[in-house]
Structure formats: C-alpha cells, structure tokens
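Report on one structure; see the data block that follows.
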Number of protein chains: 2
Amino acid sequence: MNRRLSDTAPNLPTLADVARVAGVSTATVSRCLNSPAQVQTATRDRVLSAVASLGYSPNFGARALAARRTGTIGAIIPTMENAIFARAIQAFQEELHLSGQTLLVASSSYSPDIEADQIRTLVARGADALLLIGHDRDPGIYAFLAQRGVPVLVSWAFDPAQARPSIGFDNRRAMAGLADEVLRLGHRHIGMISAVAMGNDRARDRIAGVRDALRDHGVDPAALELIETPYSIANGAEAMARLMALPTPPTAVICGNDVLAVGALQMARQLGLTVPQDVSITGFDDIEIATVVDPALTTVHVPHREMGRAAAQLLVDMVGGGAAPAPVCLETELCFRGTLAAPRT
Amino acid sequence: MNRRLSDTAPNLPTLADVARVAGVSTATVSRCLNSPAQVQTATRDRVLSAVASLGYSPNFGARALAARRTGTIGAIIPTMENAIFARAIQAFQEELHLSGQTLLVASSSYSPDIEADQIRTLVARGADALLLIGHDRDPGIYAFLAQRGVPVLVSWAFDPAQARPSIGFDNRRAMAGLADEVLRLGHRHIGMISAVAMGNDRARDRIAGVRDALRDHGVDPAALELIETPYSIANGAEAMARLMALPTPPTAVICGNDVLAVGALQMARQLGLTVPQDVSITGFDDIEIATVVDPALTTVHVPHREMGRAAAQLLVDMVGGGAAPAPVCLETELCFRGTLAAPRT
DNA sequence: TGAAAATATGTAAGCGCTTACATTTCTCTC
DNA sequence: GAGAGAAATGTAAGCGCTTACATATTTTCA
C-alpha cells in the first residue's frame, strides 16, 4: 500500500513488536516509556530489555497524533547571523533540551511577511508553542495562534501595555539611561544610527529612549540627527560617513546596536577622527565584538543568555498547561568602555 | 477519551470537516492539498474555499504518520554562538525553507556524548535526514542511523577516504597553504593555538596541515609549539601568554580559528608586543571579527554560507530518494591582511 | 479473615491523514 | 455512437501510538 515501505524505508520495530517480545500488552510498553512509575519493576525491566534488543524507538508521527503534542517548540528570529540572537537561541535550546523539548527554528530576515509565513509553517510542523521577537505584528497572526491553541511568548521587549506573555527588557528606558550619560558629559549635538524602525518595536523604543533623554536635558528631540539602516557593519560605516558630512556634525553618535556602532567606529578611523576625542560612539547589546575593537565600545549589556534560558522555562510551563505568566522585565546594565568621553570644548 | 481535548485544546477542523463542507471525499481533499494537479479545477476551488472558510490546517502528527515523513531536517552543530556555524546554519535554513523543509537544530557543545544524545533525539523527533559536522564519531551512531534509514550528510570536512556523503573543504590542505606562506616569510619558530583535537577531525587536520608545511620547509614538525584549548577569546589570550613566556618564544603564532587568534592578538597587545613586527598571528574561518580588529587578521576564508546552502540541497535530494552524492570539496582562500609579516631579523 | 482500597495490567477505540485500489465519468477514435 | 482508454473521484484500510475504561492482582486494616 505504501511504496516507500517496500523499497527504501527499513521496517522498524513497533510498540507491538516490543510488547510481543516482552510478553505484555502495548499499553504496558507505552507506560514504561512515558510514565515508568506506573509499572512494576520486573515488568519494566523485561520491557526495557526488549526495547534494547529490538533497537526500538517510538514513531514520532504516531506519538504526536495520539498524544496531541509533539514536544517541539518553535522560535522565529530575524537572523541567526546576529550574535545576540544566536546567543539567546543557544541558551534557549540548551534549556529546552533539559526539559526534553526540541527546538524548531526559522528566521524572518527582518521581514514581517516572511515571519508570518514562518509562523504558519512552524505551527503546521507541530510546534506546541512559539517564541517570537518583539510584539509588533499583524493582529491576525495572534488571532490565528489563539485559534490553533498555540501559546506564544514574546521576547526581547518589555511593554506592560501589552497583555500577552513576554520576557524582555525595557529598551526605551535602557537607551534613555545611556543617552542620559552622553548628555551629562556635555554633548548637545547628537546623532543616532538605528536599525530600521518599521515593524521593529525594539528599534522604535530605543529611538524613543534617546528622545526622552534629550527632552530631560532640555534639548529639542526633533534635533536628533537620525539615520535608519539595516543591520550590518558596512551600513553602520556608511551612516557614520553621512552624519559626519553634515554641516554641523554630531559630537556623539548613539547606535541602535553594537554592529552598527562598530561600523561607525571603523568609519571614524577611516575619516581620520579619533574616538572618543573627536567623536563619541555608543552601542547596544554588548556582544563579543564590542570588546574586541579598539577602543572598546561603550554599550548597554543585555542578558541575552538569561533571557533565552528563562524564555524556555516559561514556554515549557505554558505548554504544560500553566497559566499565562505575567510579563517579565530583565535588567540591563551600562558598560562604560573607551568610546565615550566629554566633547571637545 | 482524551482530556486535553475537552479542556485546553481547541477543537480544530479536520480533513473530514473540509470534505463534508466541500461535498467531496477526504481523499479528494487530501489530493487538493498534496497534488493539486490531480484534481479538477472546479472541485479544487470548492475544496480550497472550504479550507479557507474553516481555517483548516493539516494535523502534523497524522500527516507524518500516514505519509511516513515529516518534512523536517535536523542539524547538530557544536554551538550557535560560533559565528561560523551560525552563518552556515542560517544559509542552510533559508535554503531548506525554499524546498518546504523545516529545520530542527540541536547543539553538542563540542561533546561527543551530548552529540550522540542529540542525534537520537532528533531522529526520535522525526528528522527525515541529518546534517552533522565532521566525520569523527562512534561507528555505532552511523550504524544506528543506517538502521533507521535516516540519510546523513557530513559537512565541514572533506576526506575522500570516508565514503559517506559529505560537503566541506580540505582543512589540512588549506592550513598547509597558510603555514607555507608563514614559512616562506622566513619564520622558523612557529607556535600554534588549536581547538581541542580530541573528537574534532577539523582541528586535527589543521594541525596536520601546519606540520605538512613545516616538513616541506625542512623544519622538524615535532618542534611545533602546540597548545590546544577550547574555543573562546579568553582561552586564545591565555594560550598566547604561555607561548610568549617560552624560553624562545615563536615569531609566528598560527591559530586554529579566528576567535582564538583574536584572543592571541589582544594578549600580544597586552604584553606590549606589536603585531606583526614583534610577532605574526594568523586565524582561520574569516568571520566578521577578523576584519574588525586592528590590525585586521590574516586568515583563511571558508565559504560557510555556500556550504550551508549546498548542504541543504544535497540533503533534500537525499530525502527525496536520490542516490548518495559523491563528497563535495569547496575551495578556501587565503586572506592576507595585517597580522602577518616577515620576522624581525 | 474478608471486604474495600490501591495497584498493575489488559482491551480496544480512536487520533487525522495518505494512498492502493475500485468505481465512475469523460474523451477520443473509428 | 460504441468501445477503449484516460481522468477524476470515492472507498476504506491502515500508519503506530496513547489512554479511558475494564479487569485482575495485591495490599490494607478493621
């Protein structure tokens, strides 16, 4: 009946085979595998040795069909190539593994359409729950997920106004804290290189944070020289060149993330500017690259690993039928290194 | 009968519901979804609109059980935190998505035991095929995979002596090429900082490559000052300190990868040594960090993305029942940047 | 010591889909 | 316009597992 069966696929032992060899019913074998405590030790040993001798391993599809869950959790991130996501996903995966769950990943390349598509794909692939980055997306997607009964956890952002479960940090407040330090040092003419804000609430919040700080220091937030550009070292460099070509170039350039900041730093050097004497530069994320450049980058440390790990635990609870957890806000920390100083007087 | 059904899980529409609404049999609905060409246009339209109006989406477990495949491909890498793997996996995932496959990932943290465990997990999770890094592993694992009929593709290594399908590059030859350049410049006292070679054929091949070059230049390969250390900037730095504390410190330090090299570079600076005048340093991989340090790292470029993409295509073919492909060898390229020069005379 | 309670195991009904095979409905061709 | 062949659709048998419920066995304690 099934062609694959007869030519390529090997004929694997089934639960029934194990039951026959062990001389018990299939129910007992199933219980041995899923809740061993329910089975008498002697029976269990007999079953387990039958399992071993046959090289049995449960069929995934059958198990998913009967149990109505797959033990698989999906995550959709913009890209694995960004160290912050890679780091968080690594921790997320390690933690899932401890709970016996497996990770299904997809990347959106920062495109809402691709993300929507990937969400449907992962759900169709049996993800029991989903980890997403940021709140920003078509409400229809949340409706779809609710209809399918797939729990969702939003990470990377903390916004008490959003009711859904989330774990993240306050991008706006963190960036405001950094910008405040910049302003305290006397900078008044500030440039900012941000990731593209459209469809990216983290980027928007960081921009808002800078404006908050400007306002606090009596500077017109509209005076912020803002450039939005996709995530890459080269784009950071290019944006920096544009900022420094302005009639009155900024004395400090706040970057939305470390990668853009490293690009800015390279461009500053290329333009013959000394950092931080001629121009200050700051980053956000505190990834490895921030400590490797010279001078090392002043930035905001984000607990990516902790976030990944905690996200895994929350999601496992949610799949297990736990109540929707309250939004979690993690703390960030300013890292003062070599790229920030008072402006030339 | 199933408690979940009655409390938390929503009651989703099934194929049978769609069939009823569209007034056709379940077989026709199934065909509409899987091989639309077999169904008359009018019928198909009727079915598809029923699908849309019900918000139907196939049940993953049922489909996997009946079709005997999941459309899911597994990959096990040492860690996502290493940019080279992140980059390759990103390309791998993008390419899989184009073929309608989904990626299941796990990481081994460079531990053979964890890797073996993860391999079993991914197979149990229904991976139709597996991508692994390097050939080195217990033969029992290959036997297990063969027994389960799961195709495997080894990446990151090219070794014609290994018959199994693989895509990679010749680590030994590539490193020999770089070491040859170092020796040509007149270096005779060479240090090497390598990843831990045990259970890592790539690291072993790179060490062998350096020894090949030494031999070619009439230097005793045993004179190589070799330190093996786990992958991290800090470990690279620490190893560099040990090398430079030797009675006769090397004039050139060849590193097994860029991350170790960046650590070495930092330590050199810390020790007051100027690179490359006082000591030359080389890396391997050509990741972003290599171009960001100052001076930029002389290294070997590896086509990670291309490897990831090609690996995806090969695996999809293998799952599709294609014959085992011949091993593929990709080309690497030497990148001469600022950290390599002739030794002080 | 015997009935009730607890524990261990068995029975069998699905879970929702794919697909071999059977049947019906067209489309040709002579 | 009849018969052969092709195309479209239907029928129904599983795929291998989990689990509600039934039954058998052991323990507990008055």
Side-chain angles (χ1 to χ4, degrees), chain A residues 1-7 9-20 22-47 50-51 54 56-71 124-126 128 148-149, chain B residues 1-7 9-20 22-47 50-51 54 56-71 123-126 148-149:
Chain A
M1 163 196 173
N2 187 310
R3 195 179 315 113
R4 279 182 64 81
L5 190 61
S6 47
D7 50 77
N11 242 325
L12 299 172
T14 70
L15 238 212
D17 295 325
V18 176
R20 197 174 319 114
V24 298
S25 72
T26 60
T28 298
V29 178
S30 176
R31 279 189 284 257
C32 271
L33 267 26
N34 298 307
S35 37
Q38 279 182 44
V39 176
Q40 198 123 28
T41 316
T43 316
R44 192 163 61 216
D45 290 349
R46 207 142 32 90
V47 169
V51 165
L54 289 171
Y56 169 78
S57 159
N59 176 290
F60 175 70
R63 177 175 257 191
L65 178 57
R68 312 178 130 261
R69 52 221 213 75
T70 59
R125 281 293 184 270
D128 288 335
R148 310 281 316 175
Chain B
M1 163 197 173
N2 188 310
R3 195 181 312 115
R4 281 183 63 82
L5 190 61
S6 46
D7 50 79
N11 241 323
L12 299 172
T14 70
L15 237 214
D17 295 326
V18 176
R20 197 175 319 113
V24 298
S25 72
T26 59
T28 299
V29 178
S30 176
R31 280 189 282 255
C32 270
L33 268 26
N34 298 307
S35 37
Q38 279 182 45
V39 176
Q40 199 123 28
T41 316
T43 315
R44 193 163 61 215
D45 290 348
R46 207 142 33 90
V47 169
V51 165
L54 289 171
Y56 169 79
S57 157
N59 174 290
F60 176 70
R63 179 175 255 191
L65 179 57
R68 314 180 128 261
R69 50 220 212 74
T70 59
V123 169
R125 283 289 185 272
R148 312 280 315 174

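Chain A is the first sequence line, chain B the second, and so forth, proteins listed ahead of strands; every chain is numbered from 1. Note that the coordinates shown come from a computational prediction; the quantities given were computed from them, not determined experimentally.
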Ignoring backbone atoms, test whether [X] places a side-chain nitrogen or oxygen under 4.0 Å from the OP1 or OP2 oxygen of [N].
| X | N | answer |
| --- | --- | --- |
| A/Arg63 | D/dT18 | yes |
| A/Asn59 | D/dC15 | no |
| B/Arg68 | D/dG16 | yes |
| B/Thr43 | D/dT9 | yes |
| A/Ser30 | D/dC17 | no |
| A/Ser25 | C/dG10 | yes |

Notebook entry, point to check: Is the backbone N or O of A/Pro36 less than 3.5 Å from a side-chain atom of A/Arg44, with the two atoms forming a donor-acceptor pair by type?
Noted result: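 Side chain of A/Arg44 to backbone of A/Pro36, a donor-acceptor pair under 3.5 Å: yes, one is there.
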Check: B/Asp17 side chain to B/Thr14 main-chain N or O, any donor-acceptor pair under 3.5 Å?
Finding: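 Yes.
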Separation of atom [atom1] in [X] from atom [atom2] in [N], rounded to whole Å:
| X | N | atom1 | atom2 | answer |
| --- | --- | --- | --- | --- |
| A/Leu65 | D/dC17 | CG | P | 12 Å |
| A/Arg46 | C/dA8 | CZ | P | 14 Å |
| A/Leu12 | D/dC17 | CG | P | 10 Å |
| B/Asp17 | C/dC17 | CG | C1' | 13 Å |
| B/Gln38 | C/dT24 | CD | P | 20 Å |
| B/Phe60 | C/dT18 | CZ | P | 12 Å |
| B/Asn34 | C/dG16 | CG | C1' | 13 Å |

Among the candidates [options], find the nucleotide nearest to the side-chain atoms of [X].
| X | options | value |
| --- | --- | --- |
| B/Ala27 | D/dG10, D/dG16, C/dT18 | D/dG10 |
| B/Gln40 | D/dT9, C/dT11, D/dT18 | D/dT9 |
| B/Thr14 | C/dT18, C/dC17, C/dT9 | C/dC17 |
| B/Leu15 | C/dC17, C/dA12, C/dG10 | C/dC17 |

Next item on the list: Show the numbers, then the answer: is there a side chain to side chain contact (heavy atoms under 4.5 Å, CB included) between B/Thr43 and B/Val24?
Entry: CA-CA 8 Å; B/Thr43 315; B/Val24 298; 3.9 Å; yes
Next item on the list: Output the distance between atom CZ (B/Arg31) and atom OG1 (B/Thr26), rounded to the nearest 0.5 Å.
Entry: 8.5 Å
Item checked: Distance (rounded to the nearest 0.5 Å) between A/Arg63 CZ and A/Leu33 CG ->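 Reported to 0.5 Å precision, the distance equals 6.0 Å.
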Next item on the list: Quick one: label A/Tyr56 by what it contacts on the DNA or RNA (base, sugar-phosphate, nothing), any heavy atom closer than 4.0 Å.
Entry: sugar-phosphate
Checklist line | Of A/Gly23 and B/Arg31, the one whose closest DNA chain C nucleotide lies more 5' | finding: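 Looking at DNA chain C, the more 5' nearest nucleotide goes with A/Gly23.
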